Amino acid sequence: MDKLRLLDIFRQMMLIRRFEEAVYDFHEQKLFGGHYHLYIGQEATGAAVMASLRSEDRVFSTHRNHGHAIARGVDPKNALAEILNRVDGTNGGRGGTFHLASADAGMPHTSALVGGAVPLAAGAGFAAKLQKSGGIGVSMFGDGCFEEGVVFETLNLALLWKLPVIFVCENNTPGAILKSQGGNNTSNLPEGRVIQIPQALGMECHEVDGGDAVAVDELFADCATRVRATGHPVFIEALTERWPGNYFSFPSMVTGLTQVSMAWDGSAISGEHEDWFKTHGPVLRFARDLIVNGVGTFGDIVGIDVDVTETITSAKEFALSSPLPETDSVYSHLLAGES
Amino acid sequence: MAVMTHAEALVEAIRECMDEDPNVALVWGSLMGVGGNNEHVEHIKEDFADRIFHPPISEAAIAAIATGAAMDGVRTIFPMGTASFMFRAWDQIIHEAGEAHYMSNGAVSVPAVFHVVHGLRGGGSVQHSQSPQSMLWNAPGIEIAMPSCPADAKGLMRTAIKSNNPTVFIDYQKLNKRSGEVPDGTYDIPFGVADIKRQGADITIVAASLQVVHSLEAAEVLSGEGIEAEIVDLRSLVPLDEEAILSSVGKTGRLVVVDEAPPRCSVASEVIATVAEKGMDLLKVPPVRVNRLPVHVPANVALEDFIGPNTDRIVEAAKQLCS
């Protein structure tokens with residue numbers, strides 16, 4: 001067991017959580033417009049997946065991209081500036097919450113269209129194969145993507161053309177209320193499981209508890225090593241518990257700001273979301289595991305939280321002080337070769 | 001006359017048509033963004049449960065299913081949500097729905113309705129803000145409706161449902177909550193009949209959808225400066241009421257066309273080309289297009305406002321032509 005690696009994954013998860021709480025706060029203050037999506041509840045998957053990636057790998061994400069960008073190494077100050085559409089944002093303020101991306105961080109483009117990023121990751125695998133870069137393409141996407149035909153086409157092509165891609169489906173629907181029953185999630189498969197679709201094509205498939213950082217890390221690290229060696233695609237379904245704040249059209253901080261002390265002080269846990277705090281919330285769950293398994297102490301956990309909270313506090317100040325783009329900037333970068 | 005919102009007027013039209021014709025089916029989706037506590041929504045839910053289908057995120061397949069069903073007389077209303085999402089179903093709408101009647105030599109028709117909300121919506125960024133009207137207009141065989149007010153929304157939706165052609169109903173999220181008077185009872189508004197939303201002798205402003213609202217606001221500002229604008233609301237692009245446009249330009253001699261698609265090959269371009277071909281001598285000065293700027297839509301709301309057609313830009317264009 002690599003203690004430093006596990007503590008680093010925890011640090012990324014904690015950073016994502018504090019980042020998303022900051023995004024929520026900015027939206028409550030009406031500092032950015034439009035719809036947005038938080039990664040709370042899925043931190044273990046994103047942080048553990050990115051832990052095995054190298055600079056030559058490419059990650060493509062979705063509308064729920066903040067956690068992926070942070071764990072991939074995007075500086076939270078540039079990510080927050082992007083969400084506020086400021087010039088110091090990862091996309092110069094153009095993309096906003098839907099499109100956080102950073103070519104420098106190995107995350108070239110983020111699609112806000114359901115299923116849009118899945119073939120792009122296969123494209124990265126295609127380029128890696130041709131260029132013999134040793135890199136892999138990684139697609140992070142939700143279960144709703146299986147409703148789109150382009151996802152099936154991509155899985156098929158990745159096998160036919162033997163592309164080094166890892167498809168990571170973060171399924172946050174188990175236990176959720178279907179849209180047809182008045183809920184607010186997608187995923188309308190009649191029965192059965194999304195994993196059966198790549199299985200039917202003959203793709204190597206794995207299922208993992210997406211709330212268990214160690215399990216995701218072990219599985220993904222192993223898959224990444226093999227995909228680099230064989231060039232064949234792999235599919236992973238990470239089953240995550242839906243954060244109660246995601247049951248609404250807009251995120252709602254129903255579970256309050258995270259108190260890491262809940263990981264060892266059960267008396268702080270009560271009320272409607274008790275089960276979330278005790279069993280599901282990946283940050284508290286991993287903190288508990290780290291302590292129980294002797295990987296980290298209370299002091300380590302609190303220290304990490306203090307560190308990342310400071311990082312986010314200064315990132316918020318940075319983002320708020322970054323200017324909005326000049327109006328004339330709308331004309332730039334329409335075509336390559338122009339300024 | 002009852003006062004209701006744009007969204008409520010649409011739902012009333014859908015309820016009436018489902019009441020009138022057992023062949024009308026509905027893909028539920030977000031149902032045009034109408035919230036709860038609406039009697040028509042409740043009525044549709046309860047009484048037509050067997051004709052309502054809840055969609056996965058599968059624009060292409062649903063568009064083609066609606067098209068195939070339409071060939072046997074089932075009139076499916078498919079609210080696709082954000083217009084950007086209809087690109088996934090481009091093939092099915094342009095090829096399958098749009099070509100079937102022609103290629104069957106008139107034997108088959110496709111009475112399906114594809115409802116979308118287009119345009120700048122306040123932070124939609126690049127992939128949730130498309131205005132596909134001019135791209136669609138370049139595809140023969142598809143009717144296109146673009147209402148600007150609740151009364152027109154209802155009458156045009158009824159016509160869209162009853163039409164034997166595939167109709168793309170291009171709506172606007174920002175119109176949904178706007179209220180207006182709606183005539184009592186059932187009524188249809190035929191496609192191809194523009195509506196003069198305001199009379200004026202000095203300049204003609206042609207627009208559709210939300211841009212009619214902006215144009216009416218601009219007309220009030222212009223009136224304060226002694227310029228009386230005539231507002232021609234196209235209401236449908238296919239068919240196009242050329243006569244109404246030419247007649248108004250004949251009266252004023254000046255033309256501004258407002259449209260949210262980027263300028264090249266836009267609705268504004270087509271309207272102006274039509275006037276150039278059929279009424280060049282009516283124009284006292286060269287016409288002007290007011291479009292979204294020819295760039296992508298940034299996430300920033302201030303930049304979004306900057307690139308879009310708006311009241312100020314319409315006023316500016318009109319004053320320039322009248323100076």
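Lettering of chains follows the sequences in order, A, B, ..., and the numbering in each one begins at 1. Keep in mind that what you see is a predicted model, and the values were worked out from it rather than measured.
- Smallest separation of non-hydrogen atoms from B:His296 and A:Leu334: CD2-CD1, 3.8 Å.
- Pairing each heavy atom of B:Ile57 with each of A:Val114, the nearest pair is CD1-CG2, 3.8 Å.
- Annotation for B:Lys174: atom NZ counts as buried by contact number, over 12 foreign heavy atoms lying within 6.0 Å.
- Residues of residues 316-324 of chain A that come within less than 4.5 angstrom of chain B, heavy atom to heavy atom, are A:Leu324 in numerical order.
- Residues A:Gly33 and B:Val301 share a closest heavy-atom pair of CA-CG2, 4.3 Å.
- Dense packing is recorded around CG of B:Asp47, with more than 12 heavy atoms of other residues, nucleotides or ligands lying under 6.0 Å away.
- Summarising the geometry of A:Gly95 relative to B:Ser125, their closest heavy-atom pair is O-OG, 3.0 Å, with the distance given to 0.1 Å.
- The choice from A:Ser329, A:Gly96, A:Gly149, A:Ala112 that makes the most heavy-atom pairs within less than 4.5 Å of chain B is A:Ala112.
- The local environment of CZ in B:Arg178 is sparse, with at most 12 non-hydrogen atoms from other residues, nucleotides or ligands closer than 6.0 Å.
- By number of non-hydrogen pairs under 4.5 angstrom with chain B, the leading residue of A:Asn91, A:Asn85, A:Leu84, A:Val150 is A:Asn85.
- If you measure heavy-atom distances from B:Phe87 to chain A, you find no contacts under 4.5 Å at all.
- Under the ring-ring contact (aromatic ring centres under 6.0 Å, His included) criterion, B:Phe169 pairs with B:His115, sequence neighbours left out.
- The side-chain heavy atoms of A:His35 and B:His128, taken from C-beta on, include no pair separated by under 4.5 Å.
- A:Asp328 CG to B:Leu303 CG: the interatomic distance, rounded to the nearest 0.5 Å, is 10.0 Å.
- With a 4.5 angstrom heavy-atom cutoff, A:Thr97 does not touch chain B via any of its atoms.
- B:Ser58 contributes a side-chain N or O that, together with a main-chain N or O of A:Glu147, makes up a donor-acceptor pair within less than 3.5 Å.
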- Query: Do A:Arg94 and B:Val126 pass the side-chain contact (heavy atoms from CB on, under 4.5 Å) test, and can you show the C-alpha distance, the side-chain angles, and the key distance before you say yes or no?
  - Reply: CA-CA 8 Å; A:Arg94 292 184 156 182; B:Val126 68; over 6 Å; no

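- In this structure, chain A has no heavy atom under 4.5 Å from any part of B:Ile52.
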- How far apart are the C-alpha atoms of B:Gln127 and A:Phe98, what are their side-chain angles, what is the distance that settles it, and do they pass the side-chain contact (heavy atoms from CB on, under 4.5 Å) test? CA-CA 9 Å; B:Gln127 292 179 341; A:Phe98 279 137; over 6 Å; no

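- Taking both residues in full, the closest heavy atoms of A:Val330 and B:Pro298 are given as CG1-CG, 4.1 Å, listed atom of the first, atom of the second, then distance.
- Ring orientation note: the planes of B:Phe306 and A:Tyr331 are nearly perpendicular, at an angle over 60° on the 30°/60° scale.
- Contact annotation for A:Glu82: neither backbone nor side-chain heavy atoms come within less than 4.5 Å of a heavy atom of chain B.
- Contact check for A:Arg86 versus B:Asn300: no side-chain heavy atoms found under the 4.5 Å cut-off.
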